Amino acid sequence: MKFEKTIACIGAGYVGGPTMSVIAYKCPQYKVIVTDIDAKRIERWNSENLPVYEPGLDEIVRKVRGKNLFFTTDIESSIKEAQIIFISVNTPTKEYGIGKGMAPDVKYLEKAARDILKYSNSDKIVVEKSTVPVRSAETIERILSTSSKYKFEVLSNPEFLAEGSAVKDLLEPDRVLIGSKETPSGVKAREELVKLYENWVPREKIITSNVWSSELAKLAANAFLAQRISSINALTPICEIVGADIDELSKCIGSDSRIGNKFLKASVGFGGSCFKKDILNLVYLCNSLGLEEVGDYFLKIVEINEYQKNRFFRNVVREMMNTVADKKIAIFGFAFKANTNDTRESAAIDIAKNLAEEKAVVWITDPKALENAKKDLEGVNGKFFFTEDPYEASDNADAILVLTEWEMYKNLDYKKIFDAMRKPAFIFDGRNILDHKSLYKIGFNVFPIGKLPLKHFKLESKSYLL
Ligand code: NAD
Ligand code: UGA
């Protein structure tokens, strides 16, 4: 079959894979090639067991793979064949050298740009899809402009999908953002990309801007989202002391149409590969620009999140009579949110490690994320066990910690679970998804987030050990 155009994507991860699958699905006239240095990942994209779990993704991939969607490790021919090349490589926080623990590591981005330079045999449009430090397009351009033969136009097109709803977000995005230069060639390239998205996204949802606004808007959007969670989470310890209810607060605050009701769900702390790293990226930028006060403002979002995870863990130990040593603790949910197998930066990782340090016997259950959970805890000193069955995880356990808001956890037979647990039995609901009053009636000691606990025992005086 003759295709109108070929699109390549460097990086077959949580963004590259689903994004390109949707482009291929919505644009049958284009050939879409996704390439990666990770041969195992590519192998899985070509199998029945995709490396990324997202509701609706399997069906889309099944429809287009082998027709106009291809996964390959052959980076050279992918670049040669394409007129438009997306870069969707990872941009993690640097773990070495200057800016360690704060600055984004752009080595993968640079490698992708150098591969484009090396293998190109025609002019190309290069699209930054990864979340990058502001002015990265300039870096990519600097590399590509060393070509004496070909011309490259670099666009910024950050991705706003959230995991767990990636397919829906891609099919019906709130907006698509395209940053370009205002030069004739910049505008022409931008129009090419607008045309691509117009295959399924209404034109009024496609926002165009200059490149730097586009790069900065992505970091800012994530900071705004995470800030809402840290703000609501910062109120939870107050609620627990004064007897207010965080869900009632969220409802009230969110009913103001100027504020809106999304992203006000209190939790054990936000996770995911991006919020923390993108905020640190922003903080690093602020500090580099000499804007320390601004940097400190954004940094607090991350600090409150660390505080919340730690607070949850310490609460577990304190309420369980100041020791969890040799106690069986069941962690319900290891993914950083429901409907994904991704565990990157999941609050569950820190909590599991801290529990192990306190010598607890940690049983982890999750419907999709056990494979990643095992990798996260590999080499960590401690007693970890894994099962897909929450009943097995909680059998003879002292406590259940709900760390991911999987729908299935709402519908378990908690009477059966309670009967099989050691007494006193504890539930710490880090997501406020369970029916706390019924659990209390069954016999559990229940500890929600940002609400008064429901305990069957009263201590004469507070325990101040932790
Ligand atoms: P990921 O780690 O899942 O995938 C990145 C892939 O790029 C990996 O498979 C890696 O092997 C590959 N890669 C790295 N360097 C390469 C190279 N030179 N050539 C070929 N392949 C290479 O990362 P992700 O979650 O898909 O995120 C990618 C980017 O998108 C990041 O910048 C992230 O901040 C951003 N983003 C992620 C999400 C999300 O929900 N995960 C959402 C929006 C934006
Ligand atoms: C987030 C953004 O929502 C996306 O727009 C963005 O594209 C993406 O980061 C990215 O740049 O990687 P994601 O991290 O996949 O998406 O998932 P979210 O739905 O934002 O959830 C992040 C974390 O916050 C999860 O741990 C979730 O449980 C938590 N959360 C979310 C809360 O604790 N409370 C809420 O009200 C909402």
Side-chain angles (χ1 to χ4, degrees), residues 8-20 34-42 44-45 51-52 54 71-75 78-79 86-93 104-116 128-133 136 157-166 169-170 173-175 218-219 221-226 228-233 236 246 250 254 261-279 281 305 308-309 333 335-340 342-348 403-405 430-433 449:
C9 176
I10 303 179
Y14 281 85
V15 167
T19 310
M20 293 303 127
V34 194
T35 180
D36 204 293
I37 37 173
D38 184 340
K40 274 204 186 116
R41 217 165 200 186
I42 290 296
R44 279 190 65 179
W45 278 112
V52 169
E54 280 293 337
F71 294 94
T72 174
T73 50
D74 187 350
I75 294 181
S78 309
I79 290 172
F86 286 83
I87 303 181
S88 285
V89 299
N90 38 331
T91 48
T93 303
D105 193 340
V106 290
K107 68 178 178 198
Y108 305 102
L109 194 70
E110 174 159 345
K111 165 90 171 61
R114 286 186 185 278
D115 278 350
I116 295 173
E128 263 178 8
K129 178 59 86 186
S130 299
T131 305
V132 295
S136 289
N157 172 221
E159 183 48 60
F160 294 101
L161 70 79
E163 288 178 33
S165 56
D169 295 343
L170 288 165
D174 283 351
R175 78 313 210 172
K218 171 64 199 179
L219 300 182
N222 271 359
F224 269 58
L225 289 168
R228 288 173 68 95
I229 305 169
S230 278
S231 290
I232 208 75
N233 279 346
T236 57
I246 197 67
S250 295
N261 60 10
K262 293 185 181 154
F263 266 69
L264 290 177
K265 183 78 186 151
S267 66
V268 57
F270 62 73
S273 62
C274 293
F275 277 172
K276 184 174 171 186
K277 89 165 165 71
D278 293 349
I279 293 168
N281 179 344
N305 198 52
Q308 184 75 341
K309 286 190 275 185
F336 81 96
K337 64 185 280 197
N339 298 320
T340 177
D342 196 348
T343 59
R344 290 177 290 178
E345 295 291 337
S346 177
L403 301 187
T404 312
E405 72 282 21
R431 295 288 185 167
N432 282 349
I433 55 167
I449 293 263

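On a predicted model such as this, the values are computed, not experimentally measured, just so you know. Order of listing sets the numbers, starting from 1, for every ligand and every atom in it.
Those atoms of ligand 2 with a heavy atom of L264 less than 4.0 angstrom away are 36 (O). Per-residue contacts place I75 under 4.0 angstrom from the following atoms of ligand 1 (heavy atoms of the residue considered): 19 (N), 20 (C). Interface atoms of ligand 1 facing K218, defined by a heavy-atom separation under 4.0 Å, are 43 (C). Heavy-atom contacts of F270 reach the following atoms of ligand 2: 23 (C), 24 (O), 26 (O), 29 (C) (cutoff under 4.0 Å). Proximity to S88 (heavy-atom distance under 4.0 Å) selects the following atoms of ligand 1: 5 (C), 28 (C). Taking a cut-off of under 4.0 Å to the non-hydrogen atoms of E163, the atoms of ligand 1 that pass are 39 (C), 40 (O), 41 (N). Residue contact check: E159 has heavy atoms under 4.0 Å from atoms 7 (O) of ligand 2. For ligand 1 and Y14, the ligand atoms under 4.0 Å from any heavy atom of the residue are 3 (O), 24 (P), 25 (O), 26 (O), 41 (N).
Here the closest non-hydrogen pair linking V89 and A112 is CG1-CB, 4.3 Å. Considering all non-hydrogen atoms of both residues, A162 and D169 come closest at N-OD2, 2.9 Å. In plain terms, the two heavy atoms of Y108 and N90 that are nearest each other are CD1-O, 3.5 Å.
E159 O, 3.2 Å is the protein heavy atom nearest to atom 43 (C) of ligand 1. Looking only at heavy atoms of the protein, atom 21 (N) of ligand 1 is closest to I37 N, 3.4 Å. The protein non-hydrogen atom at the shortest distance from atom 10 (C) of ligand 2 is C274 CB, 3.4 Å. Of all protein heavy atoms, the one closest to atom 7 (O) of ligand 1 is G11 CA, 3.4 Å. For atom 33 (O) of ligand 2, the nearest non-hydrogen atom of the protein is S267 OG, 2.7 Å. Of all protein heavy atoms, the one closest to atom 35 (C) of ligand 1 is T131 OG1, 3.5 Å. Annotation: atom 34 (O) of ligand 1 to nearest protein heavy atom, K277 NZ, 2.6 Å. Nearest protein neighbour of atom 34 (N) of ligand 2, counting heavy atoms only, is K265 O, 2.8 Å. Distance from atom 1 (P) of ligand 1 to its nearest protein heavy atom, with residue and atom name: R41 NH1, 3.6 Å. Atom 15 (O) of ligand 2 has E163 N, 2.8 Å as its closest protein atom, hydrogens excluded (heavy atom only).
For the pair K262 and ligand 2, no heavy-atom separation below 4.0 Å is found. In this structure, R228 falls outside the shell of residues with a heavy atom less than 4.0 angstrom from ligand 2.
Of the polar atoms of T35, none of the N or O atoms is found under 3.5 Å from an N or O of ligand 1, judged by distance alone. On a distance-only criterion, K111 and ligand 1 share no N/O pair closer than 3.5 Å. Ligand 2 has a nitrogen or oxygen under 3.5 angstrom from a nitrogen or oxygen of N222. Residue F336 places at least one N or O, backbone or side chain, under 3.5 Å from an N or O of ligand 2. For a threshold of 3.5 Å applied to N or O pairs, the pair formed by L161 and ligand 2 contains at least one separation below that value.
Between the side chain of T404 and the backbone N or O of A335, at least one donor-acceptor pair lies under 3.5 Å. Not a single donor-acceptor pair under 3.5 Å links the side chain of W45 to the backbone N or O of G17. A side-chain donor-acceptor contact under 3.5 Å links S130 to the backbone of I87. In terms of modelled atom types and a separation under 3.5 Å, the side chain of N432 and the main chain of I449 share a donor-acceptor contact.
Under 4.0 Å from ligand 1, the heavy atoms of C274 that appear belong solely to its side chain. Contacts with ligand 2 closer than 4.0 Å are made by no heavy atom of Q308, backbone or side chain. When non-hydrogen atoms are compared, ligand 2 lies under 4.0 Å from the side chain of L225 (C-beta onward) but not from its backbone. At a 4.0 Å heavy-atom cut-off, ligand 2 does not touch I232 at all.
For E163 and R344, the salt-bridge test passes: some basic side-chain N is under 4.0 Å from an acidic carboxylate O.
A donor atom on one side chain and an acceptor atom on the other are found under 3.5 Å apart for T236 and Q308.
To the nearest 0.5 angstrom, I79 atom CD1 is 9.5 Å from D74 atom CG. The CG atom of L170 sits 9.0 Å away from the CE atom of M20 when rounded to the nearest 0.5 Å. Rounded to the nearest 0.5 Å, atoms CD1 (I42) and OG1 (T73) are 7.0 Å apart. Note that OG of S267 and CZ of F336 are 11.5 Å apart. Values are rounded to the nearest 0.5 Å. The distance from atom NZ of K262 to atom OG of S250, rounded to the nearest 0.5 Å, is 15.0 Å. Expressed to the nearest 0.5 Å, how far NZ of K265 lies from NZ of K337 amounts to 14.5 Å.
Between V106 and V132 there is no side-chain heavy-atom pair separated by less than 4.5 Å. Between I10 and I116, the closest side-chain pair of non-hydrogen atoms falls below 4.5 Å. Between I279 and N222 the shortest side-chain heavy-atom distance does not fall below 4.5 Å.
Considering only non-hydrogen atoms, atom 31 (C) of ligand 2 lies nearest to I229 out of V268, N233, I229. When the options F275, F263, F160 are ranked by their closest heavy atom to atom 1 (C) of ligand 2, first place goes to F275. In the candidate list V106, D115, V34, N90, N90 is nearest to atom 5 (C) of ligand 1, counting heavy atoms. Between I87, N222, I10, it is I10 that holds the heavy atom closest to atom 17 (C) of ligand 1. One option in R344, E128, E54 has a heavy atom closer to atom 25 (O) of ligand 1 than any other, and that option is R344. Which of T91, D38, D36, V15 comes nearest to atom 10 (C) of ligand 1 through a heavy atom is settled by distance: it is D36. Considering only non-hydrogen atoms, atom 18 (P) of ligand 2 lies nearest to K337 out of E345, K337, K277, R431. Considering D169, L161, V132, V89 only, the shortest heavy-atom separation from atom 16 (C) of ligand 1 involves V89.
Note on ring orientation: taking the six-membered ring where Trp is involved, the planes of F275 and F263 are perpendicular (angle over 60°, cut-offs 30° and 60°).
The side chain to side chain contact (heavy atoms under 4.5 Å, CB included) with E159 is formed by just one residue from the set E128, K218, K129; it is K129.
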